[in-house]
Amino acid sequence: MVEMAARTAQQVVRAPGYARLAKRMGILVFVLLSFVAVAIISLRFGSLSFTSGEIVSALFSETDSLARNIVMNIRLPRLILAGIVGANLAISGALLQSVMRNPLADPGLTGVSTGAALVAVTIMLVFPAYGGLVPLAAFVGGTLAVLLVYFLAWNRGIDPVRIILAGVAVNALLGGGTSLLSLLYSDRIQGVLMWLNGSIAGRSWYHVRMLAPYSIFGLIAAVMCIKSANLLQLGDDVAKNLGLKVNVARVVLSFVAAFLAGISVSVVGLIGFVGLIIPHVSRLLIGSDYKFMLPLSAMLGSILLIIADTAARTVFRPVELPVGIIMAVVGGPFFLYLLRKGGAMR
Amino acid sequence: MPVGMATTARAPEIIRHVPQVGAPRSPNIEQLRALNPDLVIANILFKPALQPIFRQHGFTAYFIDNQRYSSVIANVEMFGPAFGRTERANEILNDIRRREAVIRQRVQGRPSPIVMIIFGTAQSFMLSTEFSYAGEMARMLGARNITTTMNVPLNVQTIPLSMENVLAANPQVILRISHGNAEEMQRMFEREFTQNPLWGTMSAVQNGRVIDLPVDLFFSNPGLPMVDALEHLARVLYP
């Protein structure tokens, strides 16, 4: 009797769990399908118009044509890059929001973007001959900035508030450096505007080859962070009681986040907002369990950036806008809408 | 007599001794004051920022447009009589006209190529339009700028255009303008051109008509040596 009662009780408790799991899987599947749809739309539309038939034959036949050249050498690599970068930035933001326990955390907070920007702009403006080194140098610059922020924030342990304050200070410092350079070399500034505003235009397969291996490495690292991220959300005391080394976890998560943002920024320049809004949207949709929230963030980040990049090349065609501007213009109001709805705050 | 000039690496030899008063867009007002000039000549691009400052400090200021080839000529025509040097101005203008006539002869009757002018570095660049310094010269030489084959609604000097449209318009000549060491820049562009399969499909690349323009003549308007630039451009556009 008792045994049976216990079993029924267990079933009763587990039933809603299954329903929740089913709902979560449903959301993931739906988002995955949306991802496929968005990818198709992105291949279909650009600044030149082709018929669907031309696009299909461009994808699947070997004959040389303008459509094939454009689809295979422009739209497809851009689609893949936007997808990778969007996922990287969204995951980066999600991890940092757990580290900081602060919904306003985004990859830029660690100094990674401004550090990368300062070094990249220095090279492009002052030592243009070494422009080939921009991705590597931007990554090194971003890493150094992150180290600086964490060094400044470290005081027998790491406190999120100190990271945020150190991040703001370092960002101001490095941002000032970038502004100074663009003032001193104002005649050359046209050459770096696209980079500063984040652009996937003009990126090609070799950028995909450059970014993909590091991204896979970063994504695997992010998956291994899921448990710590979940625990950190509970607050220091609870996390410690559950056996988490809080300081170590904060540093590791931060560096995985900075790595993902750093490799992305170094290839496509500065793109904001993905890392800030996507984790919010994911949390609203699927809850704050990182097992689900992280993959959802990755997919939504990809989708958002692919849409933004498609818009960047179609809205004002033939003029090509930096995708970072689209993100800011669309992302800002969307984020405010979420805030007004009240659901975005944890 | 010039009593001061903006700090620039490109000052002609004869005025190198003149004291420098800071960047063109933000001259040092104290130094400017100390020189006590009768007239301050500044770039029209910086007029919105500088005019109120000059007015406040009681400088008589004149803002000139020195962006393009044609504006250099207009400025010589204006400053000659204004400074009582009409004769010298006419000498300069006659020399320019004589050289232009030679250039016109070279260009006459030649089919006009479709050109794309890349401005920037291999990592991040925009396209120069007909309203830019180099773009205006290309137009004077009868070339068709790729930006005119698309309906670009803006009168701007450089514009980020979609590579899709660039491919469709298929430029016959690509001109590259960059700052920095010419050989190094050329090497970097070469790497971008070989790594990115897009470029290889353009007829300019297939026919080897990708030309790096010398920085000192083309990066921005050099003043009077702009005729050298025009001659150079005529030679490379119509070999």
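What you see is a predicted model; the values in this text were computed from it and never measured. Here is the naming used below: chain letters follow the sequence lines, and residue numbers restart at 1 for every chain.
- Within the 4.5 Å cutoff, side-chain heavy atoms of B:L161 are placed close to those of A:V319.
- Taking the side chain as every heavy atom from C-beta outward, A:S215 and A:I263 approach each other to under 4.5 Å.
- Taking 4.5 Å as the limit, some side-chain heavy atom of B:I146 sits within range of a side-chain heavy atom of B:T149.
- Residues of residues 65-79 of chain A having a heavy atom under 4.5 Å from any heavy atom of chain B, listed by number: A:L66, A:N69, A:I70, A:N73, A:I74, A:R75.
- When the heavy atoms of residues 37-49 of chain A are compared with those of chain B, the residues falling under 4.5 Å are A:G46, A:S47, A:L48, listed by number.
- Taking each heavy atom of B:I114 and B:A169 in turn, the nearest pair found is CD1-O, 4.2 Å.
- Across B:P160, B:S220, B:P197, the residue that shares the most heavy-atom pairs under 4.5 angstrom with chain A is B:P160.
- For a residue to count as touching a neighbouring chain, one of its non-hydrogen atoms must lie under 4.5 Å from one of that chain's; by this rule B:I159 touches chain A with the side chain only.
- To the nearest 0.5 angstrom, B:M163 atom CE is 10.5 Å from B:N165 atom CG.
- The ring-ring contact (aromatic ring centres under 6.0 Å, His included) search around B:H232 returns B:F218, not counting sequence neighbours.
- Proximity to chain A at a heavy-atom threshold of 4.5 Å picks out nothing from residues 131-142 of chain B.
- The shortest heavy-atom contact between B:P37 and B:L32 is CD-O, 3.3 Å.
- Considering only heavy-atom pairs separated by less than 4.5 Å from chain A, the leading option among B:A168, B:P24, B:A23 is B:A168.
- From B:I177, atom CD1 reaches atom CG of B:L127 across 11.0 Å, with rounding to the nearest 0.5 Å.
- The shortest side-chain heavy-atom distance between B:L217 and B:L213 does not fall under the 4.5 Å cut-off.
- Summarising the geometry, atom CD1 belonging to B:I174 is positioned 10.0 Å from atom CZ belonging to B:F189; distances are rounded to the nearest 0.5 Å.
- When all heavy atoms of B:D216 and B:P222 are compared, the pair lying nearest together is O-CB, 3.8 Å.
- By the 30° and 60° cut-offs, the orientation of the rings of B:F79 relative to B:Y62 is perpendicular.
- A ring-centre distance under 6.0 Å is found for A:F259 and A:F217.
- Comment: B:R187 does not engage B:E190 in a salt bridge, judged by the lack of any side-chain N to carboxylate O separation of less than 4.0 angstrom.
- Highest contact tally toward chain B, considering only A:P318, A:G269, A:S199, A:P322, is held by A:P318 [criterion: heavy-atom pairs under 4.5 Å].
- Note that CD of B:E192 and CZ of B:R176 are 10.0 Å apart. Values are rounded to the nearest 0.5 Å.
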